[in-house]
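Below, read A as the first sequence line, B as the second, and so on, with proteins coming before strands; counting in each chain starts at 1.
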Amino acid sequence: MPTETPIVNHFSWTIGGPQGTGVDSSANLLLRSCAVAGLYCYGKREYHSTIKTGHSYTQVRVSGIPISSHVDPVHLLTTYEKTAAKIHADEVVTGGAIIYDPGVISADDLNCQDGVLKIAVPYDEILDKLAEEMGQPAAKVKIMKNTLAVGATLAMVNFDMAYIEKALSGLFKGRKAKLVPDNMLAIRKGFEYIQAMQMNGSSVVDQFPYKLEAQPDSPAQMIMSGTTAVALGKLKAGCKMQTYYPITPASDESVYLESQQKEYGINVVQCEDEIASVCMAVGAALTGTRSATSTSCPGFGLKAEGIGWAAMNEVPVVIHDYQRGGPSTGLPTRHEQGDLLSAVFISHGNPPRMVVAPSDMNEYFEDTFHAFNYADQYQTPVIVLTDKCIGNNTMTITPFSEEGLKINRGKLATQDELDRLASLKPELKGQFPRFGDSDDGVSMRSVLGQANGIYWNTGDERDAYGHITEDPDNRQVLMNKRLRKMATAIAEIPESQQFQLYGPKDADTTILTWGSTKGPILDAMPQLLSDGFKFNVLVVRLMSPYPVEGVSRILSKAKTKIGFEMNHTHQLAQLTRMETGFSMDHFINKFTGRPISETEAASAIREIMSSTTTSKKEVVLSYGK
Amino acid sequence: MPTETPIVNHFSWTIGGPQGTGVDSSANLLLRSCAVAGLYCYGKREYHSTIKTGHSYTQVRVSGIPISSHVDPVHLLTTYEKTAAKIHADEVVTGGAIIYDPGVISADDLNCQDGVLKIAVPYDEILDKLAEEMGQPAAKVKIMKNTLAVGATLAMVNFDMAYIEKALSGLFKGRKAKLVPDNMLAIRKGFEYIQAMQMNGSSVVDQFPYKLEAQPDSPAQMIMSGTTAVALGKLKAGCKMQTYYPITPASDESVYLESQQKEYGINVVQCEDEIASVCMAVGAALTGTRSATSTSCPGFGLKAEGIGWAAMNEVPVVIHDYQRGGPSTGLPTRHEQGDLLSAVFISHGNPPRMVVAPSDMNEYFEDTFHAFNYADQYQTPVIVLTDKCIGNNTMTITPFSEEGLKINRGKLATQDELDRLASLKPELKGQFPRFGDSDDGVSMRSVLGQANGIYWNTGDERDAYGHITEDPDNRQVLMNKRLRKMATAIAEIPESQQFQLYGPKDADTTILTWGSTKGPILDAMPQLLSDGFKFNVLVVRLMSPYPVEGVSRILSKAKTKIGFEMNHTHQLAQLTRMETGFSMDHFINKFTGRPISETEAASAIREIMSSTTTSKKEVVLSYGK
Amino acid sequence: MASNTATPTMAKPMAKDYKSDVVSDWCAGCGDFGIVAAVQGVYAELGIPNHQIISYSGVGCSSKSPHLMHTYGVHTLHGRSIPFSTGTALANPDVKVVVTGGDGDGYGIGAGHFLHAGRRNVNMTYLVYNNEVYGLTKGQASPTLAYGEQPKSLAVPNPNDKVDPLALAVNAGYTFVARSYAYNRTHLMATIKRAMEHRGMAIVDILQPCPTYNNLHTKEWYGEEVEMSGANYPRVYDIEAEGYNGMVQNPADAEEVNRKEIAALTKIRTHEDRVAIGVFWQIEKPTFMDRLTMTNPKLGDTPTYKMVIADADGNPTTDLSATYAEFLTTS
Amino acid sequence: MASNTATPTMAKPMAKDYKSDVVSDWCAGCGDFGIVAAVQGVYAELGIPNHQIISYSGVGCSSKSPHLMHTYGVHTLHGRSIPFSTGTALANPDVKVVVTGGDGDGYGIGAGHFLHAGRRNVNMTYLVYNNEVYGLTKGQASPTLAYGEQPKSLAVPNPNDKVDPLALAVNAGYTFVARSYAYNRTHLMATIKRAMEHRGMAIVDILQPCPTYNNLHTKEWYGEEVEMSGANYPRVYDIEAEGYNGMVQNPADAEEVNRKEIAALTKIRTHEDRVAIGVFWQIEKPTFMDRLTMTNPKLGDTPTYKMVIADADGNPTTDLSATYAEFLTTS
Ligand SMILES: Cc1ncc(C[n+]2csc(CCOP(=O)(O)OP(=O)(O)O)c2C)c(N)n1
Ligand SMILES: Cc1ncc(C[n+]2csc(CCOP(=O)(O)OP(=O)(O)O)c2C)c(N)n1
Ligand code: SF4
Ligand code: SF4
Ligand SMILES: [Mg+2]
Ligand SMILES: [Mg+2]
């Protein structure tokens with residue numbers, strides 16, 4: 001008794017369970033299956049700061065058009081144990097369905113809305129039978145509950161099995177390829193079980209309105225998560241030294257790079273702590289090797305002194321901070337954008353600090369690439385503020401474009417130049433005025449080991465050769481020189497790399513945002529615009545030096561300004577007021593440690609834009625488990 | 001031939017020489033002599049980041065009225081070796097004088113202005129003779145050149161010898177008392193030599209217009225430097241645990257406290273690094289012991305993670321940062337106010353951070369005292385931003401007032417309260433909801449070891465008992481709770497402890513400043529006001545939470561706003577714009593590593609206030625060696 | 001203000017009296033469970049009132065232990081448990097400070113503090129759960145993993161040599177240095193108890209299988225027998241059962257101290273196929289509090305947490321007048 | 001880009017060829033002068049081109065040494081010279097990395113890095129100027145000052161035990177461990193030279209009188225004779241001159257390694273009135289680069305500083321297409 005017309009390629013699915021029981025791989029398999037079928041996907045991962053026992057889940061959104069956020073309603077909840085069924089049942093929309101194991105929870109215990117299909121899948125029974133058919137011990141087969149669950153799920157949405165098989169062979173390659181047939185068996189069992197299932201006299205599949213149809217003509221996509229996108233950006237930029245100390249969620253990037261060492265020659269070194277990591281990267285950078293280090297909040301703070309030294313010695317080095325819930329250890333596996341101001345003002349005494357904040361997966365790749373250029377061009381550390389949301393989530397994206405990506409090493413002295421200079425002044429005996437003043441604040445740089453490039457580095461104030469001096473006049477010259485680079489940078493960096501404006505340029509309302517919060521806003525935008533809410537979205541991408549001119553130009557046109565970010569004090573709004581004088585009239589915020597959905601973004605923007613200016617200063621969102 | 005009418009009790013004197021040759025003790029002796037004579041003194045110390053070889057000097061300003069800055073003109077330069085004479089000769093005003101040793105430099109080599117008296121003092125000769133008289137080896141007596149120099153100096157200004165003797169016995173006490181007679185002999189020799197000296201037919205003393213007259217009726221003063229003032233504030237506040245790692249200029253405070261352990265029972269622990277220092281202080285604070293740690297810039301950055309943890313666990317602890325020239329190692333023995341924003345935004349993820357910035361010696365004492373109350377009342381780390389200028393300089397001040405200094409330990413649970421609560425809920429078995437929500441954001445606090453007060457601390461987000469939870473709703477409650485304390489604090493802290501306004505309230509021009517920069521501005525104010533430059537001075541004392549309301553009230557009345565501070569990017573102006581939206585129209589700045597003099601302050605304010613608004617955006621000062 | 005009224009001592013406390021209501025989130029089969037149970041058992045044996053125990057830790061799987069204890073808990077920062085807990089031990093010597101943490105936490109990022117703690121000999125107990133990996137961050141090599149080894153969680157074999165925590169502890173000045181094994185409950189409890197009864201800085205390095213990431217040194221591996229000159233012996237053996245005695249009888253006897261220390265280092269550094277457990281080194285030396293009190297006698301009279309700093313009206317009780325006098329110009 | 005064109009080797013370099021134009025700002029009589037002169041002398045003997053030497057340091061009096069050297073200089077942060085210099089040594093193995101620094105810098109705030117460096121065995125030379133004080137911050141106790149000692153700069157006697165850097169270095173995995181003395185130029189130069197010729201992580205702890213703050217262990221004190229069983233001997237003596245040999249002949253021979261290591265620790269930890277100098281321990285082991293190259297062979301072909309990352313037009317030369325393919329849905 002099909003109750004609704006099918007809703008095609010608009011599907012939100014949750015799978016949950018204890019960490020380490022295969023939730024991730026089920027989600028990956030589903031996502032990949034849909035992606036190879038030409039659909040667009042966004043997978044939001046939530047997990048506890050534990051290894052195996054915390055409850056984790058992934059919510060996969062599948063769409064016929066590109067997306068970059070999740071939505072709150074769940075259409076299908078797939079579970080194979082009790083906890084997930086308990087926790088997530090109430091998230092399923094009327095008309096949706098729950099797949100559950102009647103062996104561990106009864107239908108009555110599913111605390112869900114009316115009109116939700118409760119679909120019992122007797123996992124043990126099905127797998128016991130499969131084990132028998134395969135002639136294998138039941139225990140070995142039973143670990144495939146999560147795979148079976150994917151099969152059941154895909155049957156519900158009428159998915160074409162061919163894509164699953166393709167996805168599976170994409171996932172299990174090389175030595176793992178031998179796992180494909182068994183898993184396909186389990187998937188088929190789940191698929192067939194659901195296909196055959198009747199409830200109240202009709203096929204359950206027919207009673208479920210959400211369907212997925214392959215879009216074979218879609219352009220190719222990449223399935224990507226943020227830590228990998230950054231790693232690829234580093235490889236492309238020619239980064240050859242990566243140091244790290246394990247920390248969630250940053251270390252995924254380094255572990256991935258470790259696996260790529262053989263291929264690309266990058267040297268990945270696990271250090272004794274984050275202080276050593278930044279210092280070691282700087283020591284490598286001094287040789288001319290492009291060098292980087294990656295960490296998360298607590299580890300980032302420990303790098304302050306090293307970053308200050310690098311700024312003082314004008315060393316190009318790239319530092320990624322994957323923001324997570326703070327303060328302190330905080331919510332180590334949850335999302336927040338809480339580090340902006342502590343990054344922009346890290347380390348004492350006015351060092352020049354560059355801070356870049358990419359806001360989508362492609363920018364994770366590109367801005368990482370650019371960061372190495374900035375570092376070389378302006379000879380200063382570049383901090384890249386990433387976050388757990390894009391860092392850990394998995395989604396389909398337009399393949400990275402390498403169009404126009406050029407490597408710019410800035411004023412790196414060639415051996416010929418050094419030799420020529422040395423021959424002009426033999427009395428210098430190969431010493432080189434590395435820190436000489438210059439109009440743009442950037443001096444020519446030799447690297448350790450280069451003949452005729454000898455100079456000294458020191459954390460102290462220095463003369464042109466790098467020797468300590470406390471002379472007050474020299475001090476003033478060098479302070480000016482170092483900070484002048486920030487002006488040079490903002491003048492040279494293309495505006496599109498400084499900020500971006502989305503939506504109608506002439507809108508009276510501007511939403512100011514950054515980082516991963518962009519995704520849900522842009523996803524919500526078309527519907528809101530067509531509903532008559534006219535606004536544009538200003539996404540700041542370069543945080544230091546701040547794009548004062550460009551941002552002011554845009555904000556000066558806005559009658560209503562809404563700050564939309566995910567940290568308690570609205571740090572981008574704070575920074576923007578400091579830099580431009582413009583204040584936000586309203587705020588949309590969320591600091592539960594969970595990312596913002598398109599659903600939430602849409603309703604918050606509606607709420608703010610519907611209310612009179614005085615009525616609602618701030619909307620604080622809090623949906624999600 | 002006295003050329004001028006005497007200028008009484010307005011005297012600026014420089015003494016210089018290699019570090020470790022007695023420059024400091026000469027300056028101390030002179031300063032103390034003048035102070036016991038009822039005069040007001042300000043001693044500016046400049047020294048290199050070396051132990052014995054760098055050139056150091058102290059400039060002592062003596063005045064008939066209270067002062068809190070130096071002036072640029074030097075009236076008398078006293079030297080006993082070559083370098084100081086070379087370096088400082090050109091700073092002496094016409095009509096002033098230079099005392100030099102003709103054995104090491106000739107009068108012609110003194111590169112000074114016309115009309116400067118060049119007074120040759122043959123140190124070796126005089127001391128050789130003295131040695132003979134005393135029947136002591138010449139080598140032993142010759143180390144008193146610096147003492148002799150003080151005698152010569154005081155003869156020039158007609159000083160009353162009785163005060164010197166009194167000062168000397170104040171300096172050399174106990175085991176050192178036996179040094180007094182020998183030193184007095186050397187002083188007398190210098191004094192008499194100058195008294196007897198004739199030049200161009202008249203007494204040199206008569207040719208020198210600057211004179212000091214005792215003011216025996218002046219109220220008693222304290223001779224104080226900032227590190228000691230802070231130490232005394234800690235002792236008064238009942239701080240019983242001080243941790244540190246050696247660093248200039250902060251460690252003077254800890255070394256002084258070490259010497260006071262026997263008397264006051266404070267436990268001073270030298271740690272292995274600054275990370276350990278902050279953690280150890282926090283560990284002690286958790287027992288209810290008032291605890292503190294002191295450091296300077298590079299060490300401060302290393303404390304970020306510990307400060308964040310303390311904020312997260314609502315632990316009262318006080319952290320002093322003595323600012324010096326940055327970035328990085330920077331100018332370790334020079335002055336700058338470069339740490340404001342890195343302190344206000346230290347540590348990731350929006351921890352509540354309190355930052356206090358005292359601006360004179362008495363506030364160094366008081367704000368240190370208050371800081372422990374704030375820490376207890378708002379249960380959060382309190383950072384006190386001090387600086388090298390006040391920290392290392394020595395001056396006469398009104399004795400510390402203890403009027404109204406009360407110790408407030410905030411919501412510290414008594415044993416009775418805990419026992420009562422426990423008897424109401426025996427099922428808790430002595431556990432206590434330490435982090436329960438409350439209207440003002442502050443919860444009742446038990447301390448480690450208290451019966452019936454059991455709770456847990458963690459860097460992670462926690463429930464009321466301190467156990468880790470990743471629950472999103474609880475997270476929102478606790479983020480709000482922690483940051484609500486900042487609102488409570490700004491509502492409760494008396495406005496006079498938040499900021500101060502000096503000068504005519506109805507002036508159209510307001511100078512915004514903080515920290516030691518206040519001194520020269522206030523010293524320059526009376527003359528400027530009487531010359532028709534009408535302005536007032538807003539000194540911000542509480543930086544976080546920022547006194548938004550009070551500062552806005554004042555700035556909204558100002559037609560012209562001048563930011564006056566000592567760091568390249570005008571960090572207080574930046575912070576003020578972020579917090580209030582008010583921008584400065586002009587800036588006065590200095591970042592040579594040398595403090596601002598009254599002379600400079602006066603001329604810069606004149607320059608800005610004389611020019612039309614468009615003509616001069618910023619005056620960057622640079623006087624001083 | 002913060003007086004420690006002793007709760008009536010429990011009649012005969014049981015291990016469960018030291019269990020909090022928190023359910024552990026460790027993986028099934030984790031060696032950590034046994035260690036926590038052993039610690040709770042020792043607390044019961046010693047009968048210490050709950051509120052007089054301060055359970056400290058750093059960050060890691062193991063460092064969640066304090067939450068499982070019905071005692072005060074301080075779960076600090078990664079690598080910093082030692083300086084934090086030192087602050088507490090110095091400010092309140094009336095409580096028992098017990099630090100638990102991982103090998104990465106203690107010997108990795110915390111190595112500097114680990115060393116310097118030995119120099120101080122603060123009176124506390126440090127229990128290190130040694131699983132050779134960074135558990136909570138998904139199994140990277142910790143500093144105790146040997147060169148060239150590759151547990152399943154590593155992309156490449158470990159390029160670093162391992163540290164030897166016991167040898168370092170002896171050299172650094174720890175006055176009680178032992179090793180035990182998570183699954184030898186009797187030995188573990190006895191060793192922890194001896195560590196807690198020791199006056200000074202005691203460390204017990206506890207071999208802890210991590211079934212999730214360390215597939216090299218599992219419970220099974222530790223349980224194996226090894227062949228030595230033809231005969232089979234249990235892999236894990238107790239040095240004291242074989243007659244070794246690491247305790248210095250007379251700390252004033254320089255010759256004995258010298259000899260015993262070298263014997264301890266020899267025992268520790270002798271590489272063998274078996275795994276030695278037991279107390280390798282123990283000596284009585286003045287604790288840090290003893291030493292501080294020598295130059296600050298007030299500390300000996302009243303620990304800082306008990307020092308009175310204000311009267312009932314909040315007036316500071318510290319009288320600075322004598323000190324002020326040194327700075328006053330009229331003096 | 002950053003190619004190392006060798007400058008024509010100087011005919012016969014002299015120590016003065018390694019002196020920069022900077023005038024030292026150390027106190028007269030400081031032991032540091034002799035150490036720097038010795039290092040310059042060794043450079044001359046080895047004849048290394050100036051630009052191929054990288055002089056690293058931390059922060060302290062001693063750490064100003066690089067400025068006195070006519071070589072590349074990197075004066076880093078207090079306590080962090082080792083991780084910085086490790087980065088350089090890994091990225092450019094064609095240069096000679098020599099680290100100088102203080103005892104406070106290396107064994108105090110830097111203790112963690114000091115230990116972990118041993119685990120890596122990076123090919124470099126570490127010279128620690130050991131004056132038992134924090135010189136540049138006015139003479140506080142450094143970690144090598146013994147318990148109870150009170151040089152004139154201390155307000156109270158030192159409450160901390162001292163660390164034993166040599167024992168720690170052996171345990172941590174340093175492959176060349178020596179001590180020398182600032183005023184024994186011959187021994188000092190010979191030892192530094194051996195350290196620099198050693199392949200792997202070498203440390204020389206150099207006893208350095210600080211006449212300004214350390215009035216206990218002065219040049220005179222080191223120069224004294226001590227009485228032993230009736231006869232007088234120089235306080236500072238060379239263990240190798242007395243027949244000790246700390247070098248492992250066959251690193252593959254586990255028995256020899258074991259025996260020699262225990263002998264070294266015994267020698268180091270034996271407390272005596274005299275002060276022993278010499279090479280206590282030396283062994284050939286794979287360096288960190290050797291180990292990294294095993295899993296990353298490209299590193300062995302081309303050090304990272306030489307890897308080409310762009311063509312002449314700035315186009316990246318790294319081709320990611322094979323990797324992209326793994327993520328592409330069409331693959
Ligand atoms: C400053 C900092 N760096 C890194 C981390 C991430 N981190 C959390 S636990 C851990 C390692 C834990 O390993 P170990 O101490 O051996 O404990 P185990 O989990 O193995 O019990 C790390 C690196 C952190 N929390 N803080
Ligand atoms: C992070 C940090 N903490 C503290 C200091 C201050 N500081 C400078 S030198 C020094 C100690 C130097 O002692 P040592 O390393 O033994 O060298 P020495 O001066 O004795 O040669 C200290 C603590 C600093 N520069 N940075
Ligand atoms: S990862 Fe290892 S150490 Fe951590 S809880 Fe699981 S088994 Fe235990
Ligand atoms: S203080 Fe000591 S170590 Fe520093 S330069 Fe002077 S004598 Fe040398
Ligand atoms: Mg571990
Ligand atoms: Mg030293």
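What you find for C:Ala91 and B:Thr287 is that their closest heavy atoms are CB-OG1, 3.3 Å. When every heavy atom of B:Gly265 is checked against every heavy atom of C:Leu299, the shortest pair comes out as O-CD2, 3.9 Å.
Within residues 67-76 of chain C, the residues having any heavy atom under 4.5 Å from a heavy atom of chain B are, by residue number, C:His67, C:Met69, C:His70, C:Thr71, C:Tyr72, C:Gly73, C:Val74, C:His75, C:Thr76.
Of the inter-residue distances, the one linking B:Leu448 atom CG with C:Ile53 atom CD1 reads 13.0 Å to the nearest 0.5 angstrom. From B:Ile454, atom CD1 reaches atom CG of C:Asn50 across 5.0 Å, with rounding to the nearest 0.5 Å. Note that the CG atom of C:Asp25 and the CD1 atom of B:Ile468 stand 7.0 Å from one another [nearest 0.5 Å]. Taken to the nearest 0.5 Å, the CD atom of B:Glu272 stands 12.5 Å off from the CZ atom of C:Phe114. Here C:Leu77 contributes atom CG and B:Thr458 contributes atom OG1; the two are 9.5 Å apart, rounded to the nearest 0.5 Å.
With C:Thr329 contributing its side chain and B:Val36 its backbone, the two residues share no donor-acceptor pair below 3.5 Å. In this structure, the side chain of C:Thr86 does not engage the main chain of B:Met280 through any donor-acceptor pair within 3.5 Å. C:Lys298 places a side-chain N or O within 3.5 Å of a backbone atom of B:Glu263 that can act as its donor or acceptor partner. Judged by distance alone, with hydrogens and angles left aside, the side-chain atoms of C:Thr88 form a donor-acceptor pair with the main-chain N or O of B:Gly283 at under 3.5 Å. Using a distance-only test at 3.5 Å, with no hydrogens or angles considered, no donor-acceptor pair links the side chain of B:Asn408 to the main chain of C:Gly314.
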Between side-chain atoms of residues 236-245 of chain B and protein atoms elsewhere (two or more places apart, or another chain), which donor-acceptor pairs fall under 3.5 Å?
from     : atom 1 : to       : atom 2 : distance (Å)
B:Lys236 : NZ     : B:Glu402 : OE1    : 3.0
B:Lys236 : NZ     : B:Glu402 : OE2    : 3.2
B:Lys236 : NZ     : C:Thr318 : O      : 2.6
B:Lys240 : NZ     : B:Tyr264 : O      : 2.9
B:Gln242 : OE1    : B:Lys234 : NZ     : 2.8
B:Gln242 : NE2    : B:Glu253 : OE2    : 3.0
B:Gln242 : NE2    : B:Ser254 : OG     : 3.0
B:Thr243 : OG1    : B:Ser277 : O      : 2.7
B:Thr243 : OG1    : B:Thr293 : OG1    : 3.3
B:Tyr244 : OH     : B:Glu258 : OE2    : 2.9
B:Tyr245 : OH     : D:His78  : NE2    : 2.7
B:Tyr245 : OH     : D:Tyr134 : OH     : 3.2

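Contacts of B:Phe432 with chain C are absent, with no heavy-atom separation under 4.5 Å from either backbone or side chain. Of the atoms belonging to B:Asp416, not a single heavy atom falls under 4.5 Å from chain C. Both the backbone and the side chain of C:Pro316 come within contact range of chain B, with heavy atoms under 4.5 Å apart. With a 4.5 Å cut-off on non-hydrogen atoms, B:Val269 touches chain C through its side chain but not through its backbone. Both the backbone and the side chain of B:Leu232 come within less than 4.5 Å of a heavy atom of chain C. Using a 4.5 Å cut-off between heavy atoms, B:Ala35 contacts chain C through both its backbone and its side chain. For B:Tyr163, no part lies near chain C; criterion is any non-hydrogen pair under 4.5 Å. Neither the backbone nor the side chain of C:Arg119 comes within less than 4.5 Å of any heavy atom in chain B. Within the 4.5 angstrom heavy-atom criterion, only side-chain atoms of B:Leu286, from C-beta onward, approach chain C. With a threshold of 4.5 angstrom between heavy atoms, C:Leu320 approaches chain B through its backbone and through its side chain. Of the atoms belonging to C:Asp319, it is backbone heavy atoms, and not side-chain ones, that fall under 4.5 Å from chain B.
Looking at C:Asp21 and B:Gln431, their side chains come closer than 4.5 Å, going by heavy atoms from C-beta outward. At a threshold of 4.5 Å between non-hydrogen side-chain atoms, the residues C:Val22 and B:Trp456 do not count as touching. Two residues are said to be in side-chain contact when any heavy atoms from C-beta on lie closer than 4.5 Å; B:Asp273 and C:His113 meet this criterion. At least one side-chain heavy atom of B:Arg409 sits less than 4.5 Å from a side-chain heavy atom of C:Ile309. Looking only at side-chain heavy atoms (C-beta outward), C:Phe327 and B:Thr228 come within less than 4.5 Å of each other. Contact annotation: the side chain of B:Ile275 never approaches that of C:Pro83 to less than 4.5 Å [non-hydrogen atoms, C-beta and beyond].
The most heavy-atom pairs under 4.5 Å with chain B, out of C:Val59, C:Thr302, C:Asp313, come from C:Asp313. Of the listed residues B:Gly453, B:Gly459, B:Gly170, B:Gly466, the one with more heavy-atom pairs under 4.5 angstrom with chain C than any other is B:Gly453. No other option in B:Gln260, B:Glu305, B:Arg290, B:Lys429 has as many heavy-atom pairs under 4.5 Å with chain C as B:Glu305.
Annotation: B:Glu403, atom CD; neighbour count of heavy atoms from other residues, nucleotides and ligands within 6.0 Å does not exceed 12. Atom NZ of B:Lys262 is surrounded by 12 or fewer heavy atoms from other residues, nucleotides or ligands within 6.0 Å.
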